[in-house]
Amino acid sequence: EHMNAEKTETLIRRAIKWRRETYAYTLLGQELPEDYAWNYPFYSDGVDKQGIPVYSLPAGSWDLRHIVESGEKDKFVRYITQMYLKIEQHMISLNRERHANRENEENASEQGTPNKQQSTGVIIIVDLKGYSRSQLTSLRTVEAALEIATNYGNYFPQMAEKVYLINGNNIYLLLPP
């Protein structure tokens, strides 16, 4: 797949501007409520056969409606942004380490395609098991979910190599093709 340089530059510039305006990088050093990591976890599950980092999110068990109704939406959005940043930092760190290792290998791929020595993104598995319909009956909850998804799409472009939704049942019918 060929990249569109102008589109890529626009995405990166928009992401950098947003990160500066929102002081997003300061989130990496902030401690958010301890119960967030317990109640809204995400996991680093290792790497796949090609060396791509794999993360899983049991999002079906997350009660976003409760968060919104308890007035903690902004705090939760910061938590999710922090999660995106941690995943991104892990990906960058892994790529730097692999690049350094690759320079020392005699049999490195000469084709410039991603292999076990480099990763262009991460794999994210979103488990929707337990997702409640009540999450979709609150307009404020749906708006919060859209804000989280929009932040990912707009400000973390190309972070994910692939995203898999599992145990979605009828929720898949709500997603665009």
Side-chain angles (χ1 to χ4, degrees), residues 1-32 36 40 42-57 59 62 64 73-105 107-128 142-166 168 171-172 174-177:
E1 181 177 331
H2 297 285
M3 294 181 63
N4 178 326
E6 288 181 24
K7 182 178 180 184
T8 301
E9 180 181 0
T10 300
L11 290 172
I12 291 171
R13 288 186 184 280
R14 180 174 51 193
I16 290 170
K17 182 180 180 210
W18 175 80
R19 290 170 188 219
R20 284 184 182 144
E21 290 173 352
T22 62
Y23 302 97
Y25 284 115
T26 64
L27 292 175
L28 285 172
Q30 287 183 18
E31 291 294 323
L32 292 172
Y36 273 37
Y40 313 108
F42 67 98
Y43 305 102
S44 174
D45 298 315
V47 296
D48 74 353
K49 290 178 183 178
Q50 286 73 40
I52 299 172
V54 178
Y55 286 85
S56 60
L57 292 82
W62 297 358
L64 185 55
K73 181 198 73 113
D74 291 340
K75 193 182 300 181
F76 187 73
V77 169
R78 285 194 308 275
Y79 170 73
I80 296 297
T81 302
Q82 185 183 60
M83 178 186 68
Y84 293 158
L85 288 164
K86 286 180 178 182
I87 291 171
E88 181 182 69
Q89 289 298 312
H90 178 241
M91 180 184 72
I92 291 168
S93 173
L94 191 58
N95 282 335
R96 283 184 180 147
E97 180 182 313
R98 288 179 174 168
H99 180 71
N101 290 339
R102 182 178 177 170
E103 289 178 350
N104 295 327
E105 288 186 3
N107 298 325
S109 170
E110 294 179 11
Q111 297 177 0
T113 58
N115 57 34
K116 287 187 178 185
Q117 297 306 315
Q118 60 188 31
S119 173
T120 57
V122 300
I123 294 172
I124 300 175
I125 301 169
V126 181
D127 187 354
L128 296 172
V142 171
E143 289 172 344
L146 289 173
E147 179 178 347
I148 290 166
T150 300
N151 285 351
Y152 169 78
N154 287 340
Y155 309 123
F156 294 88
Q158 308 300 319
M159 182 173 74
E161 179 83 15
K162 296 177 184 170
V163 177
Y164 296 101
L165 300 177
I166 61 172
I171 293 173
Y172 287 119
L174 300 172
L175 300 173

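We use all heavy atoms of the structure for the numbers below, so side chains are in, but hydrogens, waters and symmetry mates are not. Positions are given from 1 along the sequence.
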Does R96 have any salt bridge (charged side-chain N to carboxylate O under 4.0 Å, His left out) partners at least two apart in sequence or in another chain, and if so, which?
-> none
Can you name the residues that form a salt bridge (charged side-chain N to carboxylate O under 4.0 Å, His left out) with E31, not counting sequence neighbours?
-> none
Is there a donor-acceptor pair closer than 3.5 Å between any side-chain N or O of E161 and the backbone N or O of V122?
-> no
Short side-chain to backbone donor-acceptor contact, Y79 and Y40, under 3.5 Å = yes
Would you check, one step at a time, whether the test side-chain contact (heavy atoms from CB on, under 4.5 Å) holds for K162 with I124?
-> CA-CA 6 Å; K162 296 177 184 170; I124 300 175; over 6 Å; no
What are the two closest heavy atoms between [X] and [Y], and how far apart are they?
X   : Y    : answer
L11 : R14  : CD2-NH2, 2.9 Å
A15 : N154 : CB-O, 4.3 Å
P53 : G121 : CD-O, 3.7 Å
S44 : H90  : OG-CE1, 4.2 Å
A59 : L128 : CB-CD2, 4.4 Å

Using side-chain heavy atoms (C-beta onward) and a distance below 4.5 Å, is [X] in contact with [Y]?
X    : Y    : value
Y43  : L57  : no
F156 : L85  : yes
F42  : K86  : yes
V54  : I125 : yes

Please report the C-alpha distance between D48 and I123 in whole Å, then the side-chain angles of each, then the deciding distance to 0.1 Å, and finally whether the side-chain contact (heavy atoms from CB on, under 4.5 Å) criterion is met.
-> CA-CA 9 Å; D48 74 353; I123 294 172; 3.3 Å; yes
How would you list, by chain and number, every residue that makes a side chain to side chain contact (heavy atoms under 4.5 Å, CB included) with [X], sequence neighbours excluded?
X    : answer
T22  : W18, A24
E143 : L139, R140
I12  : T8, I16

Nearest 0.5 Å, what's the CD1-CD distance between I92 and E97?
-> 14.0 Å
Could you walk me through whether F76 and L64 pass the side-chain contact (heavy atoms from CB on, under 4.5 Å) test, one step at a time?
-> CA-CA 9 Å; F76 187 73; L64 185 55; 3.7 Å; yes
Counting only pairs under 3.5 Å, give me each side-chain donor-acceptor contact of residues 146-153, with atom names and distances, residues two or more places apart or in other chains.
| from | atom 1 | to | atom 2 | distance (Å) |
| --- | --- | --- | --- | --- |
| E147 | OE1 | K73 | NZ | 2.6 |
| T150 | OG1 | L146 | O | 2.7 |
| Y152 | OH | A160 | N | 3.3 |

Just jot down the side chain to side chain donor-acceptor pair (under 3.5 Å) partners of [X], sequence neighbours excluded, or say none.
X   : result
Y84 : none
D45 : S56
Q30 : none

Inter- and intrachain pairs under salt bridge (Lys or Arg N to Asp or Glu O under 4.0 Å), touching residues 19-28, at least two apart | K17-E21, R19-E88
